[in-house]
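Throughout, residue positions are numbered sequentially from 1 according to the sequence presented. The shown structure was predicted, so the numbers you read here are calculated from the model rather than taken from an experiment. Start at 1 and go down the list; that is how both ligands and their atoms are numbered.
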Amino acid sequence: MALSIRGRSLLGLKDFTEAEIRLMLDTAKHYKKLKQKGELHQYQKGKSIALLFEKTSTRTRCAFEVAAYDLGINAVFLGKDDIQLGKKESIEDTAKVLGRMFDGIEFRGFKQESVDALAKYSGVPVWNGLTDTYHPTQILADFLTIEEHVGKLKGVKLVYIGDGRNNMSNSLMVGSSKMGLHYVVVAPKELWPEESLIKMCRDFCKESGGTIEVTDDIDQAVKDADVLYTDVWASMGEEDKFAERIKLLKPYKVTMDVVKATGNPDVIFMHALPSFHDLNTAMGQEMKQKFGLNDMEVTDEVFLSKHSVVFDEAENRMHTIKAVIALTI
Ligand code: CP
Ligand code: NVA
C-alpha cells in the first residue's frame, strides 16, 4: 500500500518518519510545479478548515489561506479576539465544536499543550502553525529551499546561530535529525537547547545518519557550512527580554565575516522572517532608540546578499503547507 498520512495531525516533526517527511516535500514540489504552470488543482472542493491565531502572522496565515483556496477549500480565519478559546470555553470544548464543522484546524499560539489538546479532542487533523516550542511547517519550507539551492538534505551542514532554545532551533534540530543533516547550534551557554531534546534527536540520528552539535565557538562552528540560519533574538511573547538577549547574543550576529568564515562561496543564508536587519520598521526604530542598534541577528549586507534565500523560503511556506493540508485531510 502507498505511504499515507491521511487523518494525521502535524504537531511536531518528531511524530513523522523520514519517509513521511519525504512524502510531504515531494508533494510540495508537485504542487509548486502545478502552480507555476498555472494548472488548477482544486482537488478538495467542498471542504472547510479553521485557522486559529493567538499570535500575529504574515507568512503562515497567507500560506494557509492561499493553499486552501488553491485546493478548493474554504478557510475561516479566527483571530485571538474572535473566539472564546481558553477564555470562556475550554480548549477541549472548543476542539469538539470545531471538529464537528471543519475538516482540519490550524493553530498558532503560545503553548504546545494547546495544539496537542486541539488534536486530541477535535477528531480532525490539526496543524501546528507555531507554538513557543515548535514551528514544524516552517521546517518543511526550509528543507524544500535547501534541496532547491544545495541539491540535497543528507549530509548538509546546517549551522543555526542565535537563541538555541527557541521554536526555530528546536524544530530545525528535530527536522535535521530525521532527515540526516549535520545540525550545529551556536549559542551562548545560557541559550543552549534542552538536554532532553538533544537526546531525543541524537536517537533519531542513529537511523538517519545525521549529527547534532552544540557549541559557543562561532568561528570554529561555521567552517564548511552549507547553510547559515538565524532567527530573532526574542520571539513573540518575549519582547521584555530584548535587553538581556542583546547582551548575550551580540557576538552571534550573522555578518559578512561569519559568511566568509564558512570558507564556502556558495553558502546560503536562511531566516524564517520577520527579521530585524534594518531600521525600516517601528520595532527597528525602537531598538535604535533604546539600544543604539541598526540591526540585530543579521546585517542588512548579508540579508540582501547573493547568499540570502529568505524570500524563496517564504514562498515555499505556501507550497509545503498546501502539501500538508492535501495529504492529511
Ligand atoms: N515565518 C513565519 O512563521 O512567519 P509569520 O510569523 O509571518 O507567519
Ligand atoms: N522564533 C520566532 C519565529 C517566528 C517565525 C518567534 O516565535 O517569534
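- Using a 4.0 Å cut-off between a side-chain N of Lys or Arg and a carboxylate O of Asp or Glu, Lys111 and Asp132 do not qualify as a salt bridge.
- A salt bridge does not link Lys120 to Asp116: none of the charged nitrogens lies less than 4.0 Å from a carboxylate oxygen.
- Each of the following atoms of ligand 1 lies closer than 4.0 Å to a heavy atom of Gln138: 1 (N), 2 (C), 3 (O).
- No N or O atom of Thr56 sits closer than 3.5 Å to an N or O atom of ligand 1.
- Listed by atom number, the atoms of ligand 2 under 4.0 Å from Asn166 heavy atoms are 1 (N).
- With salt bridges taken as basic N to acidic carboxylate O contacts below 4.0 Å, none links Glu39 and Lys33.
- When ring centroids are compared, Phe53 and Phe77 come within the 6.0 Å threshold.
- When each atom of ligand 1 is checked for a heavy atom of Ala272 under 4.0 Å away, the hits are 1 (N).
- More than 12 non-hydrogen atoms from other residues, nucleotides or ligands lie less than 6.0 angstrom from NZ of Lys87.
- Considering backbone and side-chain atoms together, Arg61 places no N or O closer than 3.5 Å to any N or O of ligand 1.
- Backbone and side-chain nitrogen or oxygen atoms of Leu130 are examined, and none is located within less than 3.5 angstrom of a nitrogen or oxygen of ligand 1.
- Looking at His135, Glu313, Arg108, it is Arg108 that brings a heavy atom closest to atom 6 (O) of ligand 1.
- Of the protein's non-hydrogen atoms, the one nearest atom 8 (O) of ligand 2 is Met236 N, 2.9 Å.
- Residue contact annotation: Lys55 has no non-hydrogen atom under 4.0 Å from ligand 1.
- Atoms of ligand 1 lying under 4.0 Å from at least one heavy atom of Leu273, given by number and element, are 1 (N), 2 (C), 4 (O).
- A salt bridge does not link Glu239 to Arg245: none of the charged side-chain nitrogens sits closer than 4.0 Å to a carboxylate oxygen.
- Inclusion of Asn167 in the set of residues having an N or O under 3.5 Å from an N or O of ligand 2 is warranted.
- A salt bridge is defined here as a Lys NZ or Arg NE, NH1 or NH2 lying under 4.0 Å from an Asp or Glu carboxylate O, and Glu313 with Arg317 fails to meet this definition.
- Taking the six-membered ring where the residue is Trp, Phe303 and Phe311 present perpendicular rings, their angle passing 60° and hence far from 30°.
- When heavy-atom distances to ligand 2 are checked against a 4.0 Å cut-off, Val232 comes that close only through its side chain, counted from C-beta outward.
- The distance criterion of under 3.5 Å between nitrogen or oxygen atoms is met by Ser235 with respect to ligand 2.
- The nearest heavy-atom contact from the protein to atom 2 (C) of ligand 1 is Arg317 NH1, 3.2 Å.
- Between Tyr229 and His271, the ring centre distance reaches or exceeds 6.0 Å.
- Side chains of Thr131 and Ser114 form no contact here, defined as non-hydrogen atoms less than 4.5 Å apart.
- Every N/O-N/O distance between Pro274 and ligand 1 stays at or above 3.5 Å.
- In terms of the salt bridge (charged side-chain N to carboxylate O under 4.0 Å, His left out) criterion, residue partners of Glu18 (sequence neighbours excluded) are, by chain and number, Lys154.
- Shortest contact from atom 4 (O) of ligand 1 to any protein heavy atom: Arg59 NE, 2.8 Å.
- Residue Leu273 approaches ligand 2 through these ligand atoms, each under 4.0 Å from one of its heavy atoms: 5 (C).
- Salt-bridge formation is detected for the pair Arg61/Glu65: a Lys NZ or Arg NE/NH1/NH2 atom is positioned less than 4.0 Å from an Asp or Glu carboxylate oxygen.
- At under 3.5 Å, not a single nitrogen or oxygen of Ala272, backbone or side chain, sits near a nitrogen or oxygen of ligand 2.
- Which parts of ligand 1 touch Thr58 is read off a 4.0 Å heavy-atom cut-off, strictly below it: atoms 5 (P), 7 (O), 8 (O).
- Of all protein heavy atoms, the one lying nearest to atom 4 (C) of ligand 2 is Leu130 CD1, 3.8 Å.
- Of all the atoms in ligand 2, the ones that sit under 4.0 Å from a non-hydrogen atom of Asp231 are 1 (N), 2 (C), 3 (C).
- With no hydrogens or angles considered, no side-chain donor-acceptor pair links His135 and Asn128 at under 3.5 Å.
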